[in-house]
Amino acid sequence: MNIMSEATLENAVNEKVAAATNERIKMRGEKVGVFYGDKQALFDVDLLVRQNQVTALIGPSGCGKSTFLRCLNRMNDTIDNARVVGQITLDGEDIYDRDIDVVELRSRVGMVFQKPNPFPKSIYENVAYGPRIHGLARSKTDMDEVVESSLKRAGLFNEVKDRLNEPGTGLSGGQQQRLCIARAIAVSPEVILMDEPCSALDPIATARVEELIDELRENYTIVIVTHSMQQAARVSQRTAMFHLGNLVEEGPTEKMFTNPDDKRTQDYITGRFG
Amino acid sequence: MNIMSEATLENAVNEKVAAATNERIKMRGEKVGVFYGDKQALFDVDLLVRQNQVTALIGPSGCGKSTFLRCLNRMNDTIDNARVVGQITLDGEDIYDRDIDVVELRSRVGMVFQKPNPFPKSIYENVAYGPRIHGLARSKTDMDEVVESSLKRAGLFNEVKDRLNEPGTGLSGGQQQRLCIARAIAVSPEVILMDEPCSALDPIATARVEELIDELRENYTIVIVTHSMQQAARVSQRTAMFHLGNLVEEGPTEKMFTNPDDKRTQDYITGRFG
Amino acid sequence: MTDIPFDPAGATDAAAPPRRDIGIKRRYRAERRFRLYGLVAIGIGIFFLAALLFTVIRGGYTAFWQTSINLAVTFDASVIDPDGKRDSDPNVLATANYPLLARNALATRLGIDVEAEESRADLRLLSGMISQGVRTQLRDMVMADPAIIGATRNVWVLSNADVDSAHKGQIDLSVPESRRKVKDKQVGWMKTLTADGAMVERFNSGLFTLGASSRPEMAGMGVALIGSLYMMLIVLVLALPIGVAASIYLEEFAPKNRWTDLIEVNINNLAAVPSIVFGLLGLAVFVNFAGLPRSASLVGGLVLTLMTLPTIIIATRAALKAVPPSIRSGALGIGASRMQTVFHHVLPLAAPGVLTGTIIGLAQALGETAPLLLIGMVAFVADYPATPLDPATALPVQIYMWANEAERAFVERTSGAIIILLLFLAAMNLAAILLRRRFERRW
Amino acid sequence: MSVSWVLAIILVIGVAAFMVARMRAARLEPQAGVKQHSLPGYHGSYALILAIFPAIIFFGVWKAVSPIYVDSAVWRSLPEQVRSASDVNRSLTMGTIYTIGDGMRHLAPAELDQVRSGQADLKALFASKGVALASSGEAYMIPAAETYRSLSDSSSLSSAIGAILLSLAGAWLGLSGITLRRRARNNVERVMLWGLIAASTVAILTTVGIVLSMLFQTLTFFQSVPLSNFFFGTVWDPRFAAAGSGGATGQFGLIPLLAGTLYIALVAMLFAVPVGLFAAIYMSEYASRKVRSVVKPVLEVLAGIPTIVYGIFALVTVGPLLRDISAALAGGQPFIMAQSVLTAGLVMGIMLIPFVSSLSDDIISAVPRALHDGSLGLGATRSETVRNVILPAALPGIVGALLLTASRAIGETMIVVLAAGVAARLTFNPGEAMTTITVKIVNQLTGDLEFTSPQTLVAFALGITLFVITLGMNVLALYIVRKYREQYE
Amino acid sequence: RDQIQIAGSSTVLPYAKIVAENFSEAYSNFKTPVVESGGSSGGLKEFCKGVGENTIDIANSSRPIKESEVKACADAGVTEIQEVRIGYDGIVFATDINGPDWTLTAQDLYKALAAQVVVDGKLVDNTVAKWNEVNSALPDWDIAAYIPGEKHGTREVFEEKLMTEGCKASGALEAIAATGADEKAAAAACIAVRKDGKAVDIDGDYTETLARIDSNKTGVGVFGLAFYENNADKLKVATVEGVSPSVETIAKGEYPVSRPLFFYVKKAHLDVVPGLKEYVDFFLSDDMVGPDSPLAEYGLVAAPDGERDEQRSAFESGKTM
Ligand SMILES: Nc1ncnc2c1ncn2[C@@H]1O[C@H](COP(=O)(O)OP(=O)(O)OP(=O)(O)O)[C@@H](O)[C@H]1O
Ligand SMILES: Nc1ncnc2c1ncn2[C@@H]1O[C@H](COP(=O)(O)OP(=O)(O)OP(=O)(O)O)[C@@H](O)[C@H]1O
Ligand SMILES: [Mg+2]
Ligand SMILES: [Mg+2]
Ligand SMILES: O=P([O-])([O-])[O-]
């Protein structure tokens, strides 16, 4: 009980601040916990995701970043033994509500996975798939356009423009990752969740994706998991630090990287490497 | 014809240099080319891998790094439409020779893949598998030791020590990656090929793996693909830069990062990010 | 959990932007429809299974009970050994007129004078009420203990099959007496006996243990069970390894060329060969060429093996194909040989599919009659086979033969036999299903 | 020495070699810089293989070849005039000689002498020993039988000795030269590979066997019935010739049977495939583990029910039901007969449900979940995911399952006999009866007709024809699968 | 081999089974013979494979062996075949028990079931739809006759004794001959059964016919006498040419439709296979094939006394074909 009010207090305060700075809250997690079977992987996470901002989730491997990210569009539903407690809202609506429409939710909150998982279809079809099921392209030319622009924005178009009809699984690791990004943005979701979108990318491609994120931020809200402090620093406005399933600290990126409140954050970001 | 003598010339020069500096050549690629179907993905690569050194392969996504890496232990054999030309030797033996025992080759030249691919078995079994088939542990205790030390060296042991019997597929992305590293080093190969072993790792885990690489270097030879220039700079003694399927340049890491010969290398490593 | 005093109530939450139309209603309808189709499909399957089981069980459960008559049989020496030569001639005891003993006992029981001239007709009717099997039953008692001669024993004897059917109400007693096998007098006696508790339905263990017989009450599935058991063992021992080995070769090792295409097409094609043609093959190869005996379960097992192979191979190949390549490269990458990769990683992952193929293949083999026809297993076999080389039948054969019998009593036995076959099938599949569940795993 | 003894001895040698080799390999001294190539178990298995396989192959080949040699030797030992006289029924003569030779083993020495001196009534004597002789044989057969006997005795002795020696030699070879670098694993695996190859040739051999076991009779059949009559005839009435043709052989038109086969199989597939596929999809995508673990085996029971039960079900329940329903719908005249293509297809479809559902379920479940997640993460509904991502990825396997199903539909007999009857007619109306090739194969083979007549022999022609037709369909299917295959990862 | 192996006709099978069973009870030192089913043709084919351990000893047949088969046998070394006629099989027409009485004649049957009839001197397809169109004494039922399929020997009897006779009696034969058909063609036209679904071939056994009548109460089926007797509470038998089928009328030759049943023994096996001779003797004894025997009780029409004696002595004397 005690802990609870403490935690929500934090959110409340944050909200006040947000309101003061005229930031709108897109998503809000309250006391989010996740169990895999009996094992709890995430504990009482309270986190606000601000609209048109990039929120970076950082923390050591296995601390629960992906798990939390998956909560945000209910991808955890698909894991047999996963159970989510707490509350998460999108535009004030509880996304774990019975009435909520998971499909619509996922079309509004898109996701790029940690392991690239292109469909065993052609590159074109990989990208066209989302728009097609959501009916976002009226005609073949529309679709071509959507596919092209998505691939372009993901920085892949030039490499694959001659082989749009070849299978997406024949691409290199980094190309697959960019394909998955293109696939996700092709449906223009309101929130985009990216689980280490640049892990398999070289610096140039990374730069391209980071640019893209910056671009997208104007219209969309982005949550990104990254291991690169630099990346977090470069692209995000706010950063949340996880440790052992707990949210250690959350705040404006600048502050987090210069003057973190928590000792663990400090230790982590000043670790020898970056 | 012309090109060929030119290329091998390069190797020959390099060898002279190696001999002069008392370095032993562990592996040697000569005019290595790879075709996927009709499409050539790698062109005439000449590269020396020096014993007890870390060779880093860098280059933009899709340039053929993984492809080349796979040539070194003939993993390309398993891709239906892949065809390798040219010659690669290990300790002077042509590894594409008819007489060569591919299995033994792969036990000597181990590999960590770009996408973590743990077996759908328990964590313990994932690591114990290699030592078991190679008869590296005589008893259960031996095996326990091998598993524990491998997991420790990969920096995973603490996180999983209570759940060694749970499936390796239930780990987080980074944990899976470290599991695959543990699995590969458990068989103590002579050469270890690592395809972006730290892409899903946080800085601390990355540091652990880099330490590991440094450690391993004393007894083994390592080839690593990485997108992080810093990482290449930190761990490798020699760096090879690929571009569009061509080996652009190869040399001591220091020189590569301070004074590359090739304009493309220069451009790549001084790209805005790193 | 939201009853926090100063909940700002989402004042700062983003106002819901205008929702895009992604046809959600329509898609959900499609989704529900799709799901419904699935449910309906399963429903259809289960409905028909239930209907089939219902018809079978309704028609067959009575076969597991058999009308028996309790008689106080006097082992009359004057009947068994009228000439008193049993010590010198061993055949006397073997060939004595035992049914007479039972008939006399029944007559006594019903108060009919055995000696009287006018009861001759009645006595014939009485004989007709007792199963001919009483001959071996009483004979075995006497042979086991000749001292029994002269004594009286209480014995449960089987009633004749027609009486059994009448007792179970399967014969329409309203038709004129001349049109039915059970006469009015017999019905009267049955009532008397039933009222006395001397005629009851007892569990029909003979259905499981006895061999074939032309007398329904004496007919059992024993030989067929043994025959099927032998055959299924042979099929399992041969078809599963050969099938899996062939699939592994084709899927994991074979170069993809015309020759392997040929093999692949061939195997698929074998699945379409009518089963009786396998019988022709078995006759030609195993009986005529290799000189194996006719009617033997060994030959049957071999024929069914060939017939089952394509099913197992096709299922196994599909399962092997479904294992993601990353598993293979993972193992190869740490120096496992291809053989090791396949046997340590790929095959275990494909095991559920292999087992499904095995289940279906074995089920099919278990229910097959046509190929057995040509190798002589659709036969009347009364003696138990000691080895797979002895004549035997199989469960579906017995069903097939009983289904074609004229006697009414075989109707329920046919259904009873089907129930036994299904039990056999269930027992056989249970192991495979449990195994399959162990191997099932998502990744 | 009997065959089983020889095999047992070889086996014992093999097992011993295995144990010793494994032990030796385990005790090898490790050397600096030299890795042991193979695990001890592989060394053991290699020794086992060397000890067993060559010996058994030798033994088997000898056993297969020596009778041919003995046969020709015995034949040559026969007097010239006998040879020329009985050339036509050589096999009969030789058979008698063999029977006499084998029968002589059962005789006591005194009886043997009698036989040799030609005094004994062979037939009676042999009968008393339980050996059947078709005739009493001729005098020249006795020495020939003895030749046969001594030849085969010495052959079996030398084969036994040879095999055991070979086995010992193999064991020695396996045990000597166990070194760190010996590639025992490669050798063992090579043998395993040959084993796998051998297993896959069983299918080829079966095919060859099937064709051979039918070819001869088929040719005989086509000697009396012209090809065109068979392949292009539209009337199946084997006992009656077409009016005016005057022939006595009858009409063997394949077309109505072929049409019936395809039609009934099509109806069955039209029922089984959607039901089975949807059931599979539901089980793998929607149902909980528990439900699935119950429903799947339950549906599999459908595949195990003997087809005669389905036949009876069709005959007494489904057929009349369909007829009555159609009569009620049409108001009087039923448009579906009790025996009809529809009834047969429907009931056969029920039987085929698990072929589709269980196999497809396994294949669908094997699609990596990352693909699933990828699609769901884009906001696809489950059904969209299944239709657009999962099914295409699982397609090759599913097509395999469907092929198997179709094959079963074509090969089924009992259901068709009882549900659609045996009347070979050519019609498009699924409410009427048709019959299939398989049914006719069974009927012509098991009938009362003369077994030498074309009426019976036509079964073989039908068998081979069906074989060729399905072969063609399979080639087509292979081609299609190749074209549309989607490989994941 | 210590077990007799028998194969062949499914019509003879039930009788052979009864004999086999009683044989093993009477001779407890012999194993029960194995009796395969598989049709007369299949049985004879196996029979003619040759002599020896791996071949069968007896072939049951519901028709006499054909010339060509004897020859095929001889080619394979089976030169001495002993023929045994065991009795007769009555063939009856029956309807559902609740139907009216039926009195059939060959003529009616022919008119109802012939494929083609002569109208105005031309052969045209038979279009008769109801029984009472053939003969007003017959019920007003749609024609639905379940007759033995062409694989069955019974079919030949049906054609010979009913269709051909009916064809002659109704004058159709002449009419057909008048259309210009030669003798052979006319005979063939006489026995051709309509194929429009009114006459349904049954290739299975009588149980199938019974099931069909069960599901179509206005169907007429052809059964063996034995089968009918076992199911007399469900079936009503029709008289043919005024004679009601029974063991007596058939034995006397009054009832027109019956056929002899046979089995064939390999003489070469007689001394060799233990019990074979005893089995045949046992089969031929009056205890088995006599008028009061279990076979007769089951439905076999016993041959007249003289014929049985003749069979016995023929077998005893070793008479071969
Ligand atoms: N199996 C395949 N079939 C066809 N083309 C392939 C296949 N694998 C790789 N390629 C192509 O070969 C080229 C080199 O691929 P490779 O995987 O070696 O790149 P990479 O340097 O490892 O890139 P990344 O850093 O993105 O992993 C790419 O263009 C890729 O699309
Ligand atoms: N399906 C699962 N079943 C059981 N445990 C799981 C499962 N998925 C994740 N976990 C565990 O939950 C914890 C959090 O995992 P998560 O994937 O969220 O980590 P992460 O922060 O994304 O790490 P990484 O940076 O390595 O991807 C880890 O300890 C992991 O092992
Ligand atoms: Mg993660
Ligand atoms: Mg790569
Ligand atoms: O089986 P049958 O030969 O008597 O028809």
Side-chain angles (χ1 to χ4, degrees), chain C residues 27 30-31 34-35 37-39 41-42 44-45 48-49 52 242 245-246 248-250 253 263 265-277 280-281 284-285 306 314-315 318-319 321-322 324-326 337 339 352-353 356 359-360 363 366-367 370 396 399-400 403 418 425 433 437 442, chain D residues 189 192-193 195-197 199-200 202-204 206-207 209-210 213 275 278-279 281-282 286 293 295 297 299-309 313 350 353 358-359 362-363 366 368-369 381 383 396-397 400-401 403-404 407 410-411 413 438 441-442 463 467 470-471 474-475 478 488-489:
Chain C
R27 286 166 61 194
E31 169 78 9
F34 196 72
R35 199 187 157 110
Y37 293 153
L39 265 179
I42 289 182
I44 289 176
F48 279 114
L49 179 65
L52 274 164
I242 294 181
I248 288 178
Y249 175 70
L250 293 175
F253 291 97
I263 298 183
V265 165
N266 228 308
I267 288 169
N268 290 344
N269 191 37
L270 282 182
V273 170
S275 54
I276 193 163
V277 171
L280 283 174
L281 174 72
V285 173
L306 294 183
I314 291 173
K321 272 200 192 101
S326 69
S337 67
M339 232 14 118
T356 301
I359 291 173
I360 290 186
L366 182 67
I399 293 169
Y400 173 74
I418 295 170
L425 182 73
I433 288 166
R437 209 184 302 173
R442 295 195 171 202
Chain D
E189 288 184 349
M192 284 171 77
L193 185 62
L196 298 184
I197 293 175
S200 64
V202 168
I204 299 283
T206 310
T207 303
I210 284 177
S213 63
V275 170
F278 274 113
I281 290 168
Y282 189 86
Y286 294 102
S293 69
V295 168
L299 287 184
E300 275 161 5
V301 172
L302 284 172
I305 295 177
T307 50
I308 179 156
V309 178
F313 185 60
I350 298 172
I353 290 175
S358 282
L359 291 172
D362 283 332
I363 295 155
R369 69 171 307 130
T381 62
S383 59
L403 267 182
L404 184 63
S407 302
I410 288 174
T413 326
T438 326
I441 294 177
V442 175
F467 192 86
T470 51
L471 192 69
N474 273 303
V475 171
L478 181 77
Y488 40 81
E489 284 204 2

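So you know, we letter chains A, B, ... as the sequences are listed, proteins then strands, and number each from 1.
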Measure from the ring center of Phe34(C) to the ring center of Phe278(D) and say whether it is less than 6.0 Å.
yes
Could you please spell out the steps behind the side-chain contact (heavy atoms from CB on, under 4.5 Å) verdict for Leu281(C) and Leu306(C)?
CA-CA 10 Å; Leu281(C) 174 72; Leu306(C) 294 183; 3.5 Å; yes
Interface moiety of [X] toward chain C, non-hydrogen atoms closer than 4.5 Å:
{"X": "Ile305(D)", "result": "both"}
{"X": "Leu359(D)", "result": "both"}
{"X": "Leu403(D)", "result": "side chain"}
{"X": "Val202(D)", "result": "side chain"}
{"X": "Val475(D)", "result": "both"}
{"X": "Phe467(D)", "result": "both"}
{"X": "Ile353(D)", "result": "side chain"}
{"X": "Leu471(D)", "result": "both"}

Residue selection (most heavy-atom pairs with chain C, distance under 4.5 Å) from [options]:
{"options": "Ser213(D), Gly397(D), Gly195(D)", "result": "Ser213(D)"}
{"options": "Ser293(D), Gly411(D), Ser200(D)", "result": "Ser200(D)"}
{"options": "Val442(D), Ile441(D), Ile308(D), Ile350(D)", "result": "Ile350(D)"}
{"options": "Asn474(D), Val295(D), Ile281(D)", "result": "Asn474(D)"}

Any donor and acceptor pair, going by atom type alone, linking the side chain of Thr438(D) with main-chain N or O of Ile410(D) inside 3.5 Å?
yes
Suppose we screen for side-chain contact (heavy atoms from CB on, under 4.5 Å). Which residues come up paired with Ala279(D), at least two apart in sequence or across chains?
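With sequence neighbours excluded, Ala279(D) shows a side-chain contact (heavy atoms from CB on, under 4.5 Å) to Ala41(C), Ile42(C), Leu299(D), Ser357(D), given in chain and number order.
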[X] and [Y]: which non-hydrogen atoms are nearest, and at how many Å?
{"X": "Thr381(D)", "Y": "Arg27(C)", "answer": "N-NH2, 4.1 Å"}
{"X": "Tyr286(D)", "Y": "Arg35(C)", "answer": "CD2-NH1, 3.4 Å"}
{"X": "Asn268(C)", "Y": "Ser407(D)", "answer": "O-OG, 3.7 Å"}

Please examine the side chains of [Y] and [X], heavy atoms only from C-beta on, and report whether any two atoms are closer than 4.5 Å.
{"X": "Val273(C)", "Y": "Ile210(D)", "result": "yes"}
{"X": "Thr206(D)", "Y": "Asn266(C)", "result": "no"}
{"X": "Ile363(D)", "Y": "Lys321(C)", "result": "no"}

Partner residues of Glu189(D) under the side chain to side chain donor-acceptor pair (under 3.5 Å) criterion, sequence neighbours left out
Ser337(C)
Checking [X] against chain D: side chain, backbone, both or neither under 4.5 Å from a heavy atom?
{"X": "Ile242(C)", "value": "both"}
{"X": "Tyr400(C)", "value": "both"}
{"X": "Ala363(C)", "value": "both"}
{"X": "Ile276(C)", "value": "side chain"}

Under 4.5 Å, counting heavy-atom pairs only, tell me which of [options] racks up the most with chain D.
{"options": "Ala318(C), Pro274(C), Ser275(C)", "result": "Pro274(C)"}
{"options": "Ala403(C), Ala319(C), Gly45(C)", "result": "Gly45(C)"}
{"options": "Ile359(C), Leu280(C), Ile267(C)", "result": "Leu280(C)"}

The test is side-chain contact (heavy atoms from CB on, under 4.5 Å); show your working for Leu52(C) and Leu302(D) and say whether it passes.
CA-CA 9 Å; Leu52(C) 274 164; Leu302(D) 284 172; 4.2 Å; yes
